[in-house]
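Keep in mind that the numbers below use all heavy atoms, side chains included, and drop hydrogens, waters and symmetry copies. Remember, it's a predicted structure, so these values are computed and weren't measured experimentally.
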Amino acid sequence: MIKNIVFDLGGVVVEWHPERLLEAYPGDKELPLALFRGGFFERYWTQFDRGVLTQTEVSAEMSRFTGRTYAECWDFMEYIKHFLVNIPETEALIRELAGEGYRLFCLSNMSAEYYDYMKDRDVFRLLEGHLISAHEKVIKPEEAIYRLLLERYGLKAEETLFIDDLKPNVEAAERLGIRTVHFTDRNKGVREVRERIRQA
């Protein structure tokens with residue numbers, strides 16, 4: 001029986017689509033293009049999510065990486081932050097599950113600055129616990145962060161459903177006996193969550 005439901009944030013609870021961000025960015029698109037082509041996010045974003053680098057430090061690295069001004073890079077990072085809007089379908093699901101008495105949590109690879117920007121939204125108040133990588137200095141899919149989730153909140157793996165948009169994160173949870181939904185499409189993902197709950 002599933003009693004606990006754990007949501008990733010980016011790509012599950014809030015929008016995270018690099019392609020859409022690139023299309024919507026109102027500034028010079030050569031900046032994000034240079035970052036994506038040069039592998040900047042692979043090199044630095046993991047450390048940002050781990051809480052090793054701050055937004056100030058990442059903006060400075062971005063400036064050195066691209067040759068753009070620090071101010072332009074800071075503004076781009078702020079744009080990314082404000083791009084993280086709620087996904088209505090997931091927000092409705094969280095409200096529904098909260099009303100049914102499930103224990104709800106989030107487990108996210110996210111910087112402290114981005115989390116601070118979002119944490120006071122109404123939907124986040126429905127989550128009993130928030131486990132954020134930058135606060136813990138450990139990230140998915142490292143096994144330690146899943147064990148920390150289970151231990152901190154007293155959860156049994158077999159009673160817990162974890163929802164994430166990235167396959168390696170889902171597979172890591174499954175290795176610990178946690179049930180999962182690979183959330184690749186919002187409507188399909190919401191249906192799968194409901195189905196998994198009914199099947200349990």
Side-chain angles (χ1 to χ4, degrees), residues 6-22 24-25 27-85 105-121 124 127 129-152 162-176 178 180 182-183:
V6 183
F7 294 85
D8 174 35
L9 295 182
V12 177
V13 178
V14 298
E15 296 278 9
W16 176 241
H17 294 284
E19 298 82 6
R20 292 183 192 171
L21 183 144
L22 184 60
Y25 179 55
D28 182 356
K29 288 183 170 42
E30 283 304 312
L31 171 59
L33 283 171
L35 296 170
F36 283 116
R37 289 170 184 159
F40 179 86
F41 291 101
E42 291 83 352
R43 190 178 308 179
Y44 293 103
W45 213 262
T46 297
Q47 300 308 309
F48 187 40
D49 284 345
R50 194 185 288 276
V52 174
L53 295 176
T54 65
Q55 183 171 337
T56 298
E57 291 167 328
V58 174
S59 298
E61 293 292 347
M62 190 180 292
S63 177
R64 283 191 285 270
F65 191 87
T66 61
R68 302 299 183 100
T69 66
Y70 174 85
E72 184 180 2
C73 294
W74 174 271
D75 288 347
F76 178 63
M77 291 197 69
E78 284 292 293
Y79 181 79
I80 295 174
K81 182 190 296 182
H82 291 86
F83 196 78
L84 300 171
V85 298
F105 306 86
C106 72
L107 171 60
S108 182
N109 286 354
M110 184 167 286
S111 69
E113 292 94 335
Y114 282 22
Y115 172 70
D116 284 345
Y117 169 69
M118 295 190 298
K119 67 182 180 182
D120 293 327
R121 296 179 187 179
F124 283 76
L127 306 176
H130 301 186
L131 206 156
I132 304 299
S133 61
H135 295 165
E136 310 301 336
K137 303 299 188 286
V138 61
I139 62 172
K140 297 176 292 183
E142 295 169 4
E143 183 178 302
I145 199 167
Y146 301 92
R147 293 196 179 279
L148 181 61
L149 171 78
L150 299 176
E151 292 167 6
R152 179 168 296 174
F162 172 62
I163 305 154
D164 200 291
D165 63 322
L166 298 180
K167 190 66 172 175
N169 296 344
V170 167
E171 291 171 343
E174 289 172 348
R175 287 194 289 272
L176 292 176
I178 299 170
T180 64
H182 185 201
F183 196 95

Is there a side-chain contact (heavy atoms from CB on, under 4.5 Å) between Arg152 and Phe105? Walk through the geometry before answering.
CA-CA 11 Å; Arg152 179 168 296 174; Phe105 306 86; over 6 Å; no
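- Considering only heavy atoms from C-beta on, Val14 stays 4.5 Å or farther from Tyr114 through its side chain.
- For Pro141 against Pro168, the heavy-atom pair with the smallest separation is CB-O, 3.6 Å.
- For the atom pair Trp16 CH2 and Asp8 CG, the distance stands at 12.0 Å (nearest 0.5 Å).
- Under the 30°/60° scheme for interplanar angles, the aromatic rings of Phe83 and Tyr79 are found to be tilted.
- Side-chain contact check for Glu72 versus Thr66: every heavy-atom pair is 4.5 Å or farther apart.
- Evaluation of the ring-ring contact (aromatic ring centres under 6.0 Å, His included) rule for Tyr115 yields His130, His135 as partners, not counting sequence neighbours.
- The CE atom of Met118 sits 8.5 Å away from the SG atom of Cys106 when rounded to the nearest 0.5 Å.
- Tyr146 places a side-chain N or O within 3.5 Å of a backbone atom of Asn169 that can act as its donor or acceptor partner.
- Counting heavy atoms from C-beta on, the side chains of Asp49 and Trp45 come closer than 4.5 Å.
- The CD atom of Glu142 lies 12.0 Å from the CG atom of Leu148; values are rounded to the nearest 0.5 Å.
- The minimum heavy-atom distance linking Met77 with Phe48 is given by the pair CE-CE2, 3.6 Å.
- Proximity of Leu21 to Phe76: side-chain heavy atoms (C-beta onward) are separated by under 4.5 Å at one or more points.
- Two residues are said to be in side-chain contact when any heavy atoms from C-beta on lie closer than 4.5 Å; Leu84 and Leu9 fail this criterion.
- A search for side chain to side chain contact (heavy atoms under 4.5 Å, CB included) contacts involving Tyr117 returns Lys81, His82, Arg121, not counting sequence neighbours.
- Between Leu31 and Tyr25 there is a side-chain heavy-atom pair separated by less than 4.5 Å.
- Taking every heavy atom of both residues into account, Ala134 and Ala112 meet most closely at CB-N, 3.4 Å.
- Here the side chain of His182 pairs no donor or acceptor atom with the backbone of Asp164 at under 3.5 angstrom.
- In this structure, the separation between CG on Asn109 and CD1 on Ile145 is 6.0 Å, given to the nearest 0.5 Å.
- Residues Phe65 and Leu35 meet the side-chain proximity criterion, which asks for heavy atoms closer than 4.5 Å.
- A donor-acceptor pair is defined here as one N or O able to donate and one able to accept, closer than 3.5 Å; no such pair exists between the side chain of Gln55 and the backbone of Glu113.
- Side-chain atoms of Lys140 come within 3.5 Å of backbone atoms of Leu107 as a donor-acceptor pair (strictly under, hydrogens ignored).
- Ion pairing of Arg43 with Glu61 is absent here, as no side-chain N (NZ or NE/NH1/NH2) approaches a carboxylate O to less than 4.0 Å.
- A salt bridge links Arg37 with Glu30: the closest approach of a Lys/Arg side-chain nitrogen to an acidic carboxylate oxygen falls below 4.0 angstrom.
- Glu143 meets the side chain to side chain contact (heavy atoms under 4.5 Å, CB included) test with Arg147, Leu176; sequence neighbours excluded.
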Run the numbers on Arg20 and Glu15 for side-chain contact (heavy atoms from CB on, under 4.5 Å), then give the verdict.
CA-CA 10 Å; Arg20 292 183 192 171; Glu15 296 278 9; 3.6 Å; yes
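- Counting all heavy atoms, side chain and backbone alike, Arg50 lies closest to Val138 at NH1-CA, 3.9 Å.
- Within the model, atoms CG of Leu127 and CZ of Phe7 stand 7.5 Å from one another, a figure rounded to the nearest 0.5 Å.
- Across every non-hydrogen atom of Cys73 and Ser59, the tightest pair is CB-O, 3.6 Å.
- Across all their heavy atoms, Asp165 and Val12 have their closest contact at N-CG2, 3.8 Å.
- With a 4.5 Å cut-off on side-chain heavy atoms, Phe162 and Glu174 do not count as touching.
- Taken from OG in Ser111 to CG in Leu53, the straight-line distance is 10.5 Å, to the nearest 0.5 Å.
- Between the side chain of Ser63 and the backbone N or O of Arg68 there is at least one donor-acceptor pair closer than 3.5 Å.
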